[in-house]
Amino acid sequence: MTSARIWPRTQFFDLFPETEHPIIQGGMVWVSGGKLAAAVSRAGALGLVGAGSMKPDLLQHHIRKAKALTSKPFGVNVPLLYKDVRLQLQTALDEGVRIFFTSAGSPKTHTQWLKSHGAVVVHVTSTPELALKCQDAGVDAVVVEGFEAGGHNGRDELTTLVLLQQMRGKLHIPVIIAGGIGSGAAIAAAFALGADAVQIGTMFAATQESSAHANFKNAMIDAGSSSTFLRMKKLVPVRLLNNPFSENIRLAEELCLSSENLNQILGKGRAKAGMLDGDLAEGELEIGQIVSTVASIPTCEELLAALIADYTLARNRLLNSLQS
Ligand SMILES: Cc1cc2nc3c(=O)[nH]c(=O)nc-3n(C[C@H](O)[C@H](O)[C@H](O)COP(=O)(O)O)c2cc1C
């Protein structure tokens, strides 16, 4: 069966008509450069360059790298947190990017300006209330992310399954669901509950093309069912693989240390040290709960093929059970 026939014809395909599979590789600081985004888009899903860790010149480099590796559309994820943000967005526009997944910050600030340049704008959020605000701000779609997800999370600790049900019928724009998706069966469940597409981070971090350090990738394979924790709730909550640094944060949080003290423990450069440079003891290792299912480090093409095969099985199982 061709892929066009296995997927429900959701609004995702109106926004991204050239993308074959309704699967987005989430932007990931230090992990999703041009190589990963291009590999995902080349394999028929939608790849995103994660601009969070990049100055504008480095972002330009990664966009050019992705363009050299694929002719398929890809996008850029820009957390709206940093002082360079308008310059990052302008750099991506100048390089011809017209797909923007923004996160953190307010979607009001840049959405209309990006759209005036012909861009599709999707904002990442973690509650139905914020998703409605995104729709009011004029975004084309929202990613709604449960707190199973790797990276920075919402404060309300809503799970993906609950969010999906809370979102039903609330928005007229497409809803992309993220957090804890690591199998085709989970993708089928997301569609059954009304999602238009899924966004996946952790499983793409564990691919050959991701820039995660080999030590980090090996730690992903070794991770058990309870290896991640939500830390730094007083600052910006973030889901981390457990390690000595994460333990220190736990102890500091148990002692109710102030935000200033937590910031001192965090210091500078932890995320790069952990994820890019492979410091498994003192680095920050952002990853989602679904890391417990990572058993190997496939290519993006292999990962997508496995997800699609499992999705097809789940879909057929459901169709058969409805017919019997
Ligand atoms: C290592 C890592 C870094 C991330 N960095 C970002 C980021 O820079 N911007 C962002 O919007 N989301 C970020 N995320 C979240 C992902 O884009 C995605 O929404 C999330 O990983 C989905 O949940 P999953 O990890 O369970 O698949 C990050 C996730 C991971 C695992």
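Just so we're clear, the structure is a prediction, and the values are computed from it rather than from any experiment. In this chain, numbering begins with 1 at the start of the sequence shown. Counting convention: from 1, in listed order, for ligands and their atoms alike.
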**OP:** Could you tell me if any non-hydrogen atom of Gly27 lies under 4.0 Å from any atom of ligand 1?
**Re:** yes
**OP:** Tell me, please: is Gly150 in heavy-atom contact with ligand 1, that is, under 4.0 Å?
**Re:** yes
Just to confirm my output: which protein heavy-atom neighbour is closest to [atom], and how far is it?
atom                    : result
atom 25 (O) of ligand 1 : Thr202 OG1, 2.6 Å
atom 21 (O) of ligand 1 : Gly201 CA, 3.3 Å
atom 10 (C) of ligand 1 : Asn77 OD1, 3.4 Å

Which part of [X] is near ligand 1, with near meaning a heavy atom under 4.0 Å away: side chain, backbone, both or neither?
X      : result
Ala149 : both
Val143 : neither
Glu145 : side chain
Met275 : side chain

Original post:
What distance do Tyr82 atom OH and Met54 atom CE have between them, rounded to the nearest 0.5 Å?
Top reply: 11.5 Å
Subject >> Distance (rounded to the nearest 0.5 Å) between His213 NE2 and Lys272 NZ >> reply: 10.5 Å
Looking only at the side chains, is there a donor atom on one of [X] and [Y] sitting less than 3.5 Å from an acceptor on the other?
X      : Y      : answer
Ser258 : Asn261 : yes
Asp94  : Gln90  : yes
Thr91  : Gln60  : no

**OP:** Could you pull out all residues at least two apart from Thr299 that satisfy side chain to side chain contact (heavy atoms under 4.5 Å, CB included)?
**Re:** Gln208, Glu209, Glu301, Glu302
Tell me whether [X] has any N or O atom under 3.5 angstrom from an N or O of ligand 1.
X      : result
Gly180 : yes
Val29  : yes
Phe216 : no
Ile287 : no

Subject >> salt bridge (charged side-chain N to carboxylate O under 4.0 Å, His left out), paired with Arg270, selected from Glu286, Glu282, Glu284 >> reply: Glu282
Original post:
Centre of Phe229's six-membered ring, under 6.0 Å away, within 45 degrees of the axis: is that where NZ or CZ of Arg239 sits?
Top reply: no
